[in-house]
Each structure stands twice: as structure tokens, then as C-alpha cells.
There are 2 protein chains.
Amino acid sequence: MKISELSRRTGVPVASIKYFRREGLLPAGRATAATLAEYGEEHVQRLRLIKALTTLGGLSIAAARDVLTAVDQTESTDETLKEISYALPVPVAQAPAGDADEEAEAAAAAAADVADLIAAMDWQVPGTSPHVQGLTTALRELRRLDADYRPERLVRYAELACSVARLDLERAAAFENSPTLAEQAVVVVALSGPLLELLRRLAQEDQVRRRSA
Amino acid sequence: MKISELSRRTGVPVASIKYFRREGLLPAGRATAATLAEYGEEHVQRLRLIKALTTLGGLSIAAARDVLTAVDQTESTDETLKEISYALPVPVAQAPAGDADEEAEAAAAAAADVADLIAAMDWQVPGTSPHVQGLTTALRELRRLDADYRPERLVRYAELACSVARLDLERAAAFENSPTLAEQAVVVVALSGPLLELLRRLAQEDQVRRRSA
DNA sequence: AGTAGCTGGATACTTAAAGTATCCAGTACT
DNA sequence: AGTACTGGATACTTTAAGTATCCAGCTACT
């Protein structure tokens with residue numbers, strides 16, 4: 001299949017396909033001549049995955065590349081899952097520091113909360129995990145807003161998060177050794193989140209509606 | 001407090017404060033003269049909220065303005081919650097259409113799945129809700145990736161989402177008639193999601209680690 | 001009263017991301 | 001031989017999110 005047909009099949013403009021290839025998200029086609037290459041179904045699939053990661057997962061092109069690179073370089077399911085997870089950007093940008101003292105104090109308190117939570121949940125995660133860092137930043141931010149996220153409350157959220165993760169990984173077991181392992185793993189790790197968020201909003205909407213009715 | 005002090009207190013550059021005011025995220029200070037205005041604690045709080053929405057919530061400036069505008073214009077807790085929820089961008093961009101036939105078929109199937117889910121959960125939400133639309137788009141995208149999100153599986157995610165929403169709204173009850181209602185509501189609706197996502201990733205990391213150990 | 005240093009408001013500039021578009025020389029069908 | 005298409009390189013465009021500059025008015029210190 002030539003690039004024009006790949007474009008037609010996926011709805012992605014030729015110029016964009018070239019862009020993705022340039023950025024390392026899409027492997028080049030099999031060259032049949034100096035100015036001609038052949039594309040296959042794997043390219044169609046890859047483009048779908050790129051679209052899903054960027055539109056549904058909300059990833060930037062650079063982040064999607066990191067995820068796809070991780071996917072292409074690992075073998076076992078578990079390793080793939082971990083790589084994707086770490087390649088994913090944490091949804092917390094570092095906020096600029098305000099008052100220095102206040103800042104340090106808030107950071108310490110947030111770090112303590114995270115440590116408590118990890119202990120309470122008996123989670124075995126390294127302190128260097130980007131998610132631990134991200135959670136600390138997030139709690140610091142929430143603390144500054146006087147939001148009520150004390151450990152007791154946080155634990156209840158964490159327990160639900162555990163259940164979701166169990167559901168996610170249940171699926172991972174099903175495609176152990178599957179040829180589309182990478183794609184499925186990406187879906188479970190990167191696309192489950194936005195889906196859950198949508199469901200949470202719908203559930204919220206329903207409950208608010210019932211309350212005021 | 002003058003603008004320079006507001007900047008020092010919050011760590012936000014003066015130019016950025018002016019920018020937020022220009023974009024309608026931050027009310028102007030009380031003018032004391034043609035070229036002088038007085039800012040108060042409410043401006044400090046508002047800037048913190050803006051930072052939280054953009055860095056933690058991942059909202060664009062435009063989206064944050066919509067949320068804050070909704071907040072400023074409503075009175076009751078329930079109304080505020082709904083307005084914020086609707087003002088929040090749905091984390092699903094419309095993907096470009098590929099094959100026309102295939103597309104229509106996938107869209108219909110996704111819409112049916114959503115309808116089934118809503119019926120199964122007995123959710124009372126209007127079909128016009130942006131979240132329903134978003135969920136439909138998301139499922140269409142996932143379906144195209146051959147991801148296994150059949151209704152049975154989806155329902156289990158939905159049930160967990162319900163529990164999370166219950167936890168969220170439990171907090172909303174606590175600040176009924178509170179003077180900081182708006183801020184708290186924003187936290188519950190817009191910032192609970194990123195927090196949950198972080199917890200989900202941590203839980204995933206823990207479970208993968210245990211499995212391979 | 002003079003002046004250095006802020007201020008609001010307007011406007012111009014900058015940077016980065018995500019594409020788009022153009023150009024070019026080399027095929028490939030007819 | 002001619003037309004249409006290709007890969008590759010490069011240039012351009014658009015939008016978001018700030019930053020920086022300018023200006024005239026004020027204000028506080030001296």
C-alpha cells in the first residue's frame with residue numbers, strides 16, 4: 001500500500017503521516033526504490049494507536065513517541081506495562097514556588113501524607129517512581145487550596161484506585177503472549193484513565209441530579 | 001496590597017497576573033486611583049485556584065476561565081457542581097474520520113454501548129450531556145483499536161466510578177453554604193480526577209511489581 | 001516642590017507544539 | 001515520453017501561553 005492509500009484508509013493527511021514518521025512515532029515503510037515505499041496493516045494499526053493516544057489519552061506527540069518507543073523495545077507483558085507507565089507524563093506540572101518558607105513546609109507535609117498512604121496501602125513502590133513524585137506535588141497543591149484530603153479520606157480513594165487497577169490488570173493477563181500485546185498494554189495503561197474519568201463525571205452528574213430532584 | 005506584593009505572595013509574575021486579568025480569570029483590584037488598585041486575600045486565593053486548575057487539572061486558560069465564570073455566577077451547591085462539570089473540557093478530541101462506512105458503523109455501535117451502560121447503571125443523565133457524547137467518542141476510538149470494552153466489563157468500571165463519585169459528593173455535602181463553596185466544588189469536580197489517576201497508576205505499579213516478584 | 005519608582009492599560013514580542021505546504025529529484029505506469 | 005506520484009528536506013502557519021516594553025499618571029520620600 002502506498003502512502004496515499006494509507007492516508008485514505010486512516011483519514012490522516014499525507015503530510016501528517018510524514019510528520020509522525022519524522023518524529024519517530026511511525027516506522028518507515030519497506031523501501032522498494034529510492035522514492036517509493038510499501039506500507040502494511042501494521043502501519044494502519046499504528047496510526048490508529050497514535051490517534052487514540054493523542055486524542056483520547058491527551059498525550060503530546062513527544063509523550064506518545066516515548067510510549068511507543070517503550071512499547072517497541074520490551075518483551076514481557078510486565079516490563080511493557082511498567083515502561084509505558086513510566087513513559088506516560090504525570091498529570092501534574094510543577095507549580096512556581098511562592099513564599100519560600102510556606103513552600104518548604106507544605107512540601108514536607110505532602111511528602112509525609114504520601115508516605116503514610118503508601119504504608120497504609122502496603123504498596124511496594126520505589127520512592128523514585130514518577131507517580132510518587134507526582135502525587136506529592138498534587139497533594140501540596142491541594143493542601144495550599146485548603147482542600148480536605150487527609151489520609152483517611154485519601155485511603156478511601158486509594159482503595160478504589162486499587163480496584164480499578166485490578167480490573168485493568170485482569171485484562172493484561174488475558175493477552176499474555178498475544179501478538180498485539182503492546183497495543184493492548186497501551187490501552188490498559190494509558191487509555192483506561194480517560195475512560196474512568198468520563199464515567200466518574202457521568203456518575204457525578206447522575207448523583208447531583210438525583211439529590212436535587 | 002499592591003500588584004507587586006500579590007506577585008511576591010503567590011510567586012506569579014506581574015506580567016502573568018495582568019494576563020490572567022486580561023483573560024477574565026482574575027477580577028480587577030479595587031481601583032483607588034487612575035493608575036492604582038488594591039488587591040486582597042481573595043485575589044491570592046483565586047490565583048492559587050488558577051494555578052491548581054492549570055497545573056494539576058491540566059486545563060487551558062480558556063477552559064479555566066469557563067470554569068471560574070461558572071463558579072462566579074451560581075448560587076446553590078448543586079447548580080455550581082453541574083456548571084463546573086459542564087464547563088470542564090471532555091478529555092476526548094474528535095478524531096478525524098477515516099473510512100466513511102466503517103466510521104458510521106463504529107459510531108452506531110459505540111452509541112448503543114453507551115445507551116446499554118446508562119440503562120444498566122440506571123443513570124439519569126440527558127443524552128445531550130457532554131459526558132455522554134465524550135464517552136461515545138471514546139468507545140468508538142477504543143473499538144477501532146479492538147480494545148475489549150464490552151458492556152459487561154464497562155459496567156464494572158462504571159460501578160467503581162460511582163463509588164468515587166459518591167466519595168466526591170460526600171465532601172460536597174460538608175461544605176454546603178460554606179463561603180468557599182466555589183473553590184471546594186472546583187476541587188471536587190476538577191481536581192479529584194487527576195488525583196485518582198495518580199493513585200490508579202501507583203496501584204498499577206504496585207500490582208505489576210508483585211506479580212513479577 | 002521635585003523626583004524616583006511604582007502602577008494600570010495597551011500593545012508588541014517570544015517560544016513551543018503541532019501540524020501544513022512547498023520544492024525537488026527519482027520512479028512507475030501507460 | 002509524459003503524467004502522476006513518491007520520499008526527503010525544508011519552510012511556513014497557527015494557536016496557546018505567556019513576557020516584555022511603553023506610556024502617562026500617581027505617591028511617597030526628601
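First the proteins, then the strands, lettered A, B, ... as listed; each starts at 1. Please read all numbers here as calculations on a predicted model, not as lab measurements.
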Original post:
When the distance from CG of A:Leu6 to C1' of D:dC5 is rounded to whole Å, what number comes out?
Top reply: 15 Å

Subject >> Divergence of helical axes at both termini of the helix from C:dA1-D:dT30 to C:dT30-D:dA1 - five pairs an end, 10° steps >> reply: 10°

Original post:
When rounded to the nearest 0.5 angstrom, what distance separates CG in B:Leu56 from CZ in A:Arg144?
Top reply: 11.0 Å

**OP:** Whole angstrom is fine here: how far is it from CZ in A:Arg8 over to C1' in D:dC5?
**Re:** 16 Å

Original post:
Do side-chain atoms of A:Thr54 reach the backbone of A:Ile50 as a donor and acceptor pair under 3.5 angstrom?
Top reply: yes

Subject >> Nearest-angstrom distance from the residue atom CZ of B:Arg21 to P of D:dA17 >> reply: 19 Å

Subject >> Salt bridge flag under 4.0 Å for residues A:Arg65 and A:Glu23 >> reply: yes

**OP:** Flag the pair B:Asp113 and B:Arg150 as a salt bridge only when some basic side-chain nitrogen lies within less than 4.0 angstrom of an acidic carboxylate oxygen.
**Re:** no

Subject >> Length of the line joining A:Glu5:CD and D:dG7:P, which is rounded to integer Å >> reply: 13 Å

Original post:
Taking all non-hydrogen atoms of both residues, which atom of B:Val114 and which atom of B:Val132 are closest, and how far apart?
Top reply: CG1-CG1, 4.0 Å

**OP:** For B:Ala182 and B:Ile84, work out which heavy atoms get closest and say how close.
**Re:** O-CD1, 4.5 Å

Subject >> For atom CD of A:Glu38 and atom C1' of D:dC5, their distance in whole Å >> reply: 14 Å

Subject >> Residues A:Lys82, A:Glu79: salt bridge by 4.0 Å N-O rule >> reply: no

**OP:** Assign a letter to each nucleotide of nucleotides 18-30 of chain C from its 5' end: B, base within under 4.0 Å of a protein heavy atom; S, sugar-phosphate only; -, no contact.
**Re:** BBB-----BSS--

Subject >> Nearest-Å distance for atom pair CG/C1', residues B:Leu26 and C:dG9 >> reply: 15 Å

**OP:** To the nearest Å, give me how far apart NZ (A:Lys2) and P (D:dG8) are.
**Re:** 16 Å

**OP:** Can you establish whether the number of heavy atoms outside B:Arg153 located under 6.0 Å from its atom CZ is more than 12?
**Re:** yes

Subject >> Shortest non-hydrogen contact between A:Arg171 and B:Asp148, atoms and distance >> reply: NH2-N, 3.5 Å

Original post:
Between A:Tyr39 (OH) and D:dC5 (P), how many Å, whole number?
Top reply: 16 Å

